[in-house]
Every structure is written in structure tokens, then in C-alpha cells.
Amino acid sequence: MSITLLRTLVAVADRGSFASAADQVCVTHAAVGQQMKRLESQLRVDLFDRSQKSPQLNATGWALIPKARDVLHAYDTMLEGVVGEARLYGELSLGAMPSTIGGLVPQSIKRLIRTFPDLHIRVVPGLADDLIEQVERSGLDTAILSVPDSIPHQLTWHLVAKEPLVLITAPDIHETDPVEILQTHPFIRHARQTAAGKLVDQWLSEKNITVRPTMEMDSLETLANMVSYNLGVSVVPNLCVPDPTFERLRKIPLGPHAPFRELGLLTRADSPKTKLIERLVEEVRQTSGQAPHLNPPLGD
């Protein structure tokens with residue numbers, strides 16, 4: 001029995017299907033099926049119910065999952081304490097909110113692999129709720145996202161950046177009073193269900209500012225593009241590492257007590273890649289330029 005087969009088995013449990021597990025372990029759908037048949041043959045027991053179109057773990061398969069996790073954890077950590085920087089190689093799966101992929105994530109990864117060139121990093125874009133779920137079930141090693149409303153006890157949160165809200169406009173808007181601009185220009189709203197969207201709505205309510213919404217965008221990148229064409233103005237987090245489009249926009253501060261979005265890396269407390277993730281946290285903090293000003297991580 002190989003570690004590869006056990007890793008694929010756990011991926012099937014975490015992702016819920018052969019097709020999704022294939023994405024996680026970087027093989028084809030057919031290869032996952034072949035590996036699971038080989039594992040069943042070696043163990044001489046059925047692990048899947050194949051009476052439906054998509055094979056599902058049966059009771060025996062689910063009973064094996066905790067033991068497989070124990071074996072994988074022992075394998076992944078067997079060199080820790082024996083050789084230096086033991087986990088700073090291999091693969092790291094990193095989930096990332098779209099607003100971090102334009103600058104913060106690639107620059108942080110570049111810093112990391114410059115020192116540890118043997119790393120293989122897989123970046124998975126996604127919205128916060130989906131990324132949290134994938135980290136919880138070990139589908140991702142870690143994810144960079146806005147601080148959740150609550151942090152499950154099995155997860156650890158590492159703060160990496162604080163991004164204050166700012167008013168963004170196209171470069172050809174010359175007014176300077178943020179309240180006047182918000183009340184006289186079309187407003188492009190960031191999706192209400194996002195952490196940033198909730199912060200903006202709360203700030204507008206507290207300041208009794210009435211806006212004229214004309215569009216609502218799920219993606220901060222799409223929103224910034226709309227603003228760059230002068231289709232409206234918006235209030236968003238001031239990205240600590242902006243992409244070129246965001247960089248060109250006018251950014252008007254909202255005052256000394258403007259709310260801010262907290263970004264951090266979320267990971268399982270029992271992750272076998274803790275040392276690697278801690279090193280990534282350091283690189284992200286350095287990339288954000290805020291390392292000396294951040295508080296200790298929550299949940300440690």
C-alpha cells in the first residue's frame with residue numbers, strides 16, 4: 001500500500017467525488033478510479049458503493065479515513081526535528097480571495113520560492129466561505145481571506161494585513177470631499193455578502209450617507225475596472241499590494257477612524273505543514289509592508 005493511494009483516498013473523502021479529488025491530487029478522473037480499485041485490491045475489501053453513477057465511500061471506507069489521516073500525518077512529519085526546514089519542500093495548496101491574486105499572493109509566493117525553489121505551490125481562487133470549508137476538510141493547506149465572523153476551534157488564524165476603506169474614483173474626477181462625491185456620483189457596490197461589503201454598508205449607515213447604487217459587483221477587480229471607466233465611484237479596502245488597474249485609481253481617505261479589512265491566512269491547527277505555512281505567513285506580512293504593525297495571530 002502506497003502513501004499516494006492513501007492520499008487519494010483522503011482527497012475523495014474531503015472533496016466528495018472522484019472528479020473533485022482528481023483536481024486536488026493533480027491526476028485525471030480515471031486515474032483516481034484506478035488508484036481506488038488498486039487500494040481495494042491490496043486491502044481485499046470494498047471501500048466504495050458503486051451502485052450509483054458516482055462512487056461513494058461505504059461504511060468501511062469511512063471507517064478507514066481517520067486511520068489514513070493518521071498515517072499521512074506521520075509520514076508528512078517524520079523528518080521534523082531530524083533535519084532543518086524539513087517541511088519547506090513538497091506541495092502547498094493555497095486558497096486565495098480574488099482581490100489578493102493581482103499582487104499580494106504572487107509577490108509573496110515569489111519571495112517564498114526564491115528561498116525554497118523545490119516547493120510546488122497550487123493556488124486555488126475562491127470566495128471566503130468556500131475557502132474556509134476547504135481548509136476545514138483539508139482540501140486546502142491554507143487560505144488567505146478576510147477574517148471570518150467566527151474561527152472554528154480546529155483552525156488557526158494568522159493576521160497578515162490591515163486594509164483601511166477608501167473612496168476610489170476614476171483619475172479624471174477632481175473633487176476632494178468623499179461625502180460630496182458619494183452623494184453626487186453613481187455608486188458601485190461591492191457584494192453585500194462579502195466582509196468588505198458589510199464594512200462599507202455599516203460605514204455608510206453610521207455616517208448617514210445616502211448613495212445612488214447603479215451596479216453591484218461580486219469581484220473587487222471587476223468593480224475597480226468599472227470605476228476606472230468612470231461608470232461610478234465606490235468604497236473598498238485599500239489593497240496593500242494593488243494590481244495595475246487599482247493602482248491607477250484615485251484613492252481618497254475616509255478619515256482617521258475609517259474601518260479596515262483584516263486579511264489573514266487560515267489553516268488547520270493540526271496541519272502537518274505548519275512550519276511551511278508559518279514561513280508563508282512571514283513572507284505575506286513582509287510583502288504587505290505591515291509586518292512590524294501587526295498583532296499576534298488569533299487562534300494559536
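Here the structure is a predicted model, which means the values were calculated and not measured. Only heavy atoms go into these numbers, but all of them, side chains included; no hydrogens, no water, no symmetry mates.
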* Rounded to the nearest 0.5 Å, what's the gap from CG on L119 to CZ on R114? Could you check? => 13.5 Å
* Polar side-chain atom of R7 near backbone of S2 as donor-acceptor pair, under 3.5 Å -> no
* Asked: Do L145 and I132 pass the side-chain contact (heavy atoms from CB on, under 4.5 Å) test, and can you show the C-alpha distance, the side-chain angles, and the key distance before you say yes or no?
  -> CA-CA 9 Å; L145 42 82; I132 293 169; 3.9 Å; yes
* Check whether more than 12 heavy atoms from other residues, nucleotides or ligands sit under 6.0 Å from atom CG of D129, and answer yes or no. => no
* Asked: Can you tell if the side chain of T142 reaches within under 4.5 Å of the side chain of V135, non-hydrogen atoms only?
  -> no
* Structure fact -> Between M226 and M215, the two heavy atoms sitting closest are CB-CE, 4.3 Å
* To do: Measure the CD-CG distance between Q134 and D130 for me, rounded to the nearest 0.5 Å.
  => 4.5 Å
* Assess whether atom CG of L127 is packed by more than 12 heavy atoms of other residues, nucleotides or ligands within 6.0 Å. => no
* **Minimum side-chain heavy-atom gap T210-L182 below 4.5 Å** => no
* To do: Walk me through it: do R122 and V124 pass the test side-chain contact (heavy atoms from CB on, under 4.5 Å)?
  => CA-CA 7 Å; R122 180 168 61 93; V124 180; 3.4 Å; yes
* Step through the shown structure and confirm whether more than 12 heavy atoms of other residues, nucleotides or ligands are within 6.0 Å of CG on D149. => no
* Applying side-chain contact (heavy atoms from CB on, under 4.5 Å), run through I277 and L92 and close with a yes or a no. => CA-CA 8 Å; I277 292 168; L92 179 72; 4.1 Å; yes
* Asked: Is the shortest distance from a Lys or Arg side-chain nitrogen in R137 or D14 to a carboxylate oxygen in the other one below 4.0 Å?
  -> no
* So, R268 side chain and E136 main chain: donor-acceptor pair closer than 3.5 Å or not? -> yes
* **I3 and L72, any side-chain heavy atoms less than 4.5 Å apart** => yes
* **Expected output: side-chain T60 to main-chain L47 donor-acceptor under 3.5 Å** => no
* Asked: Can you check whether I121 reaches L112 side chain to side chain, under 4.5 Å on heavy atoms?
  -> yes
* To do: Would you please say whether a donor-acceptor pair under 3.5 Å links the side chains of Q107 and T287?
  => no
* Kindly indicate, with the supporting measurements, whether the criterion side-chain contact (heavy atoms from CB on, under 4.5 Å) is fulfilled by F260 and L199. => CA-CA 8 Å; F260 53 83; L199 278 176; over 6 Å; no
* Is it the case that one hydrophobic cluster holds both L280 and V147, taking links as side-chain heavy atoms less than 4.5 Å apart, direct or via other members? -> yes
* To do: Going by the side-chain contact (heavy atoms from CB on, under 4.5 Å) test, name the single residue among L131, L94, T267 that passes it with L140.
  => L131
* Find out whether R189 and V200 are in side-chain contact, i.e. whether some heavy atom of one side chain is under 4.5 Å from a heavy atom of the other. => no
* **Cluster overlap L155 with L159, hydrophobic side-chain contacts below 4.5 Å** => yes
* Asked: Taking the side chain as C-beta and beyond, is there a heavy-atom pair between L220 and H190 under 4.5 Å?
  -> yes
* Donor-acceptor pair between E221 and N225 side chains, under 3.5 angstrom -> no
* How far apart are the C-alpha atoms of T8 and Q35, what are their side-chain angles, what is the distance that settles it, and do they pass the side chain to side chain donor-acceptor pair (under 3.5 Å) test? -> CA-CA 8 Å; T8 302; Q35 289 181 11; 2.5 Å; yes
* **Flag, side chain of R250 to backbone of I173, donor-acceptor distance under 3.5 Å** => yes
* Asked: Taking the side chain from E163 and the backbone from C240, do they hold a donor-acceptor pair closer than 3.5 Å?
  -> yes
* Asked: Under a 4.5 Å cut-off applied to non-hydrogen side-chain atoms, are L266 and I151 in contact?
  -> yes
* Taking D141 for its side chain and S271 for its backbone only, find out whether a donor-acceptor pair lies under 3.5 Å. => no
* How close do P237 and F246 get, heavy atom to heavy atom, and via which atoms? -> O-CZ, 3.5 Å
* Structure fact -> Interatomic distance, CG@L263 vs OG@S99, rounded to 0.5 Å, equals 6.5 Å
* To do: Working to the nearest 0.5 Å, report the span between CH2 of W62 and CG of L57.
  => 5.0 Å
* To do: Verify, without hydrogens or angle tests, whether T222 (side chain) and M217 (backbone) share a donor-acceptor contact under 3.5 angstrom.
  => no
* Asked: Are side-chain N/O atoms of S17 and S20 paired as donor and acceptor at under 3.5 Å?
  -> yes
* **Euclidean distance, Q202 CD relative to L165 CG, rounded to 0.5 Å** => 10.0 Å
* Asked: Atom CD1 of I209 and atom CZ of F187: how far apart are they, to the nearest 0.5 Å?
  -> 9.5 Å
* Asked: Just by modelled atom types, is the F48 backbone N or O under 3.5 Å from a matching donor or acceptor in the E40 side chain?
  -> yes
* Do you reckon I181 sits in the same ILVMFWY cluster as V227, going by side-chain contacts under 4.5 Å, direct or chained? -> no
* So if you build clusters from Ile, Leu, Val, Met, Phe, Trp, Tyr with side-chain heavy-atom gaps below 4.5 Å, do W203 and L223 land together? -> no
* Does L254 share a hydrophobic cluster with I168, counting links as ILVMFWY side-chain heavy atoms below 4.5 Å and allowing steps through other members? -> no
* Asked: Would you say the side chain of L239 lies within less than 4.5 Å of the side chain of R261, judging by non-hydrogen atoms?
  -> yes
* Structure fact -> Minimal heavy-atom distance between L6 and A68, with the atoms involved, is CD2-CB, 4.1 Å
* Asked: Would you find a donor on one side and an acceptor on the other, under 3.5 Å apart, between the side chain of K275 and the backbone of K273?
  -> no
* Minimum heavy-atom separation for I101 to P125, with atom names? -> CD1-CB, 3.6 Å
* Asked: Between the main-chain N or O of E180 and the side-chain N or O of T184, is there a donor-acceptor pair closer than 3.5 Å?
  -> yes
* Contact summary for K162 and P164, nearest pair of heavy atoms -> O-CD, 3.6 Å
